[in-house]
Novice: 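Before I ask anything, let me first share the structure, which is written out below as structure tokens.
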Amino acid sequence: MITRIVNAKDGLDEAVSLIKNGELVVFPTETVYGLGANAYDAEAVLKIFEAKGRPQDNPLIVHISDASQAREVARDIPEGYYRLAEKFMPGALTVVLKKSERVPYVVTAGGDTVAVRMPDNETARELISRSFPLAAPSANRSKHVSPTSARHVYDDLEGRVPLILDGGECRVGIESTVLDLTSDTPVILRPGAVTAEMLAPVLGIVPGSGKVIGIARSPGMKYEHYAPNAEAYAARDAASAAEFYDKCAAEGRRPVLLFDDVHAAELGARERISLGGDVEDFMRSVYAALRLAERDHDVIIVQTLEGGGRAASVMNRVMKAVGGKMI
Ligand code: TXA
Ligand code: MG
């Protein structure tokens, strides 16, 4: 199969026909690129798992073009959903609801719940409104770093998908927050740019964390995710990063530092890929930096950020990328 990258607006008509014909299309979102299929077509959805090499017991997010479209894919929707939708949709928030009969079990990995998200990208929403709700995971090979550009997708899925809609670089840079609304109290199953602090005033309660409860509800959490093809470590601070870098270099290995510009002077002439100047820059650029780093380096040393909120969400991904290894 030939894989083409086409400007998102130019490729929209073709993308609509492909989806209607039960084929896959990669589309841009504000978080990461998605690998989409008609969520109502079990056969089309199976192609997603095949193209990604993803285990079928990990459920997919269903992308909708309008918050009210949740009524097609979910049932018994709690009132809290609509309050969240008003504030965070379109956006980087995925909400887990009870699934409707229209959604086949291949989408939900056999479960009775469905994850729903309205992406903040016009092309994505137009594609959905002109075809179907789209079941879509991140458009990377299973276990690799999520893609934040069309080129990243091509590097992973060339020959496995017919069309990649190029919408430029993703604005947010890490996957959406996943919030389960089907449990007694709301639970964050995956942290993201929409934080517990932001959700609390809308929910009227601070959501719990999937790290403590609800693990069984988020099958994705048991898999290793986001890992680059190189040995990777999180650094306690710039000094320990510099020391470890020098040790690796002395052994003839090719280390690289992924650090923000604040630490530039401290790290001196050592090779560094910039993660920008603040937490939003860090979030937006960290996956691209990991993919760039793995090309020419065998040791990747990533900065850690202190604090809660978005810093903690990015660190959740960094710790997965490094497999929990700290120096
Ligand atoms: O930002 C995003 O969420 C991106 C873009 C493309 O929308 N998508 C994404 O999909 O990250 P994926 O498949 O890579 O991650 C979906 C996560 C997985 O951890 C999965 O286990 C969880 O959501 N999930 C999906 N359906 C679920 C359900 N019914 N109950 C609990 N967790 C669910
Ligand atoms: Mg993924």
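Read the numbers this way: they start at 1 and go in the same order the structure lists the ligands and their atoms.
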Novice: Could you tell me whether any N, O or S atom belonging to Ser138 is less than 2.8 Å from the Mg ion (ligand 2)?
Specialist: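 True for Ser138.
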Novice: Do you know which of Lys325, Arg254, Arg253 makes salt bridge (charged side-chain N to carboxylate O under 4.0 Å, His left out) with Glu231?
Specialist: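 Among Lys325, Arg254, Arg253, the one meeting salt bridge (charged side-chain N to carboxylate O under 4.0 Å, His left out) with Glu231 is Arg253.
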Novice: For Ser138, take its heavy atoms, then give the atoms of ligand 1 lying under 4.0 Å from any of them.
Specialist: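 Heavy-atom distances to Ser138 below 4.0 Å select 8 (N), 9 (C), 10 (O), 12 (P), 14 (O).
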Novice: Under 4.0 Å between a Lys/Arg side-chain N and an Asp/Glu carboxylate O for Asp156 and Lys52?
Specialist: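 So Asp156 does not pair with Lys52 through a salt bridge.
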Novice: With a cutoff of 4.0 Å, is Thr108 in contact with ligand 1, counting heavy atoms of the residue only?
Specialist: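 Per 4.0 Å heavy-atom rule, Thr108 does not contact ligand 1.
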Novice: Just going by heavy-atom distances, which of Arg190, Arg54, Glu175, Lys98 is nearest to atom 13 (O) of ligand 1?
Specialist: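 The option holding the nearest heavy atom is Arg54.
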Novice: Based purely on interatomic distance, does Ser176 place a nitrogen or oxygen under 3.5 Å from a nitrogen or oxygen of ligand 1?
Specialist: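 N/O-N/O distance under 3.5 Å: yes.
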Novice: Mark up the atoms of ligand 1 that fall under 4.0 Å of a heavy atom belonging to Ala115, in ascending order.
Specialist: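 Listed by number with element: 25 (C), 26 (N), 27 (C), 29 (N).
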Novice: Less than 4.0 Å between a side-chain N and a carboxylate O, is that true for Asp120 and Arg171?
Specialist: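 Answer for the salt bridge query: yes.
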Novice: Which ligand 1 atoms are under 4.0 Å away from a heavy-atom of Ile61?
Specialist: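 That gives atoms 3 (O), 8 (N), 9 (C), 10 (O), 16 (C) of ligand 1.
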Novice: Salt bridge or not between Glu122 and Lys9? Use side-chain N to carboxylate O under 4.0 Å.
Specialist: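 Looking at Lys9 together with Glu122, the answer is no, because their closest N to O distance does not fall below 4.0 Å.
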Novice: Closer than 4.0 Å to some heavy atom of His63 - which atoms of ligand 1 meet that?
Specialist: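 Once the distances to His63 are compared, the set is 5 (C), 6 (C), 7 (O).
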Novice: A cation-pi test, strictly: NZ or CZ of Arg102 under 6.0 Å from the centre of the six-membered ring of Tyr40 and no more than 45 degrees from its axis. Yes or no?
Specialist: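 Flagged: Arg102 positioned over aromatic ring of Tyr40.
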Novice: Any nitrogen or oxygen of Arg117, main chain or side chain, under 3.5 Å from a nitrogen or oxygen of ligand 1?
Specialist: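 Arg117 vs ligand 1: N/O contact under 3.5 Å present.
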Novice: Does Arg284 pair with Glu169 as a salt bridge, N-O distance under 4.0 Å?
Specialist: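 No, Arg284 and Glu169 are not salt-bridged.
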Novice: Hey, is Thr113 touching ligand 1 through its side chain, its backbone, both or neither, going by heavy atoms under 4.0 Å?
Specialist: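 Answer for Thr113: both.
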Novice: Do Leu179 and Leu199 touch side chain to side chain, with heavy atoms closer than 4.5 Å?
Specialist: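 Yes, at least one pair of side-chain atoms sits under 4.5 Å.
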Novice: Using a 4.0 Å heavy-atom threshold (strictly under), name the region of Leu189 that reaches ligand 1: side chain, backbone, both or neither.
Specialist: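 It is the side chain that gets close, since no backbone atom is under 4.0 Å.
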Novice: Can you list the atoms of ligand 1 that are under 4.0 Å from a heavy atom of Asn58?
Specialist: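 Checking each atom against Asn58, I get 18 (C), 20 (C), 21 (O).
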Novice: Would you call Asp41 and Lys20 a salt bridge, taking side-chain N to carboxylate O under 4.0 Å as the test?
Specialist: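 Result for this pair is no, no salt bridge flagged.
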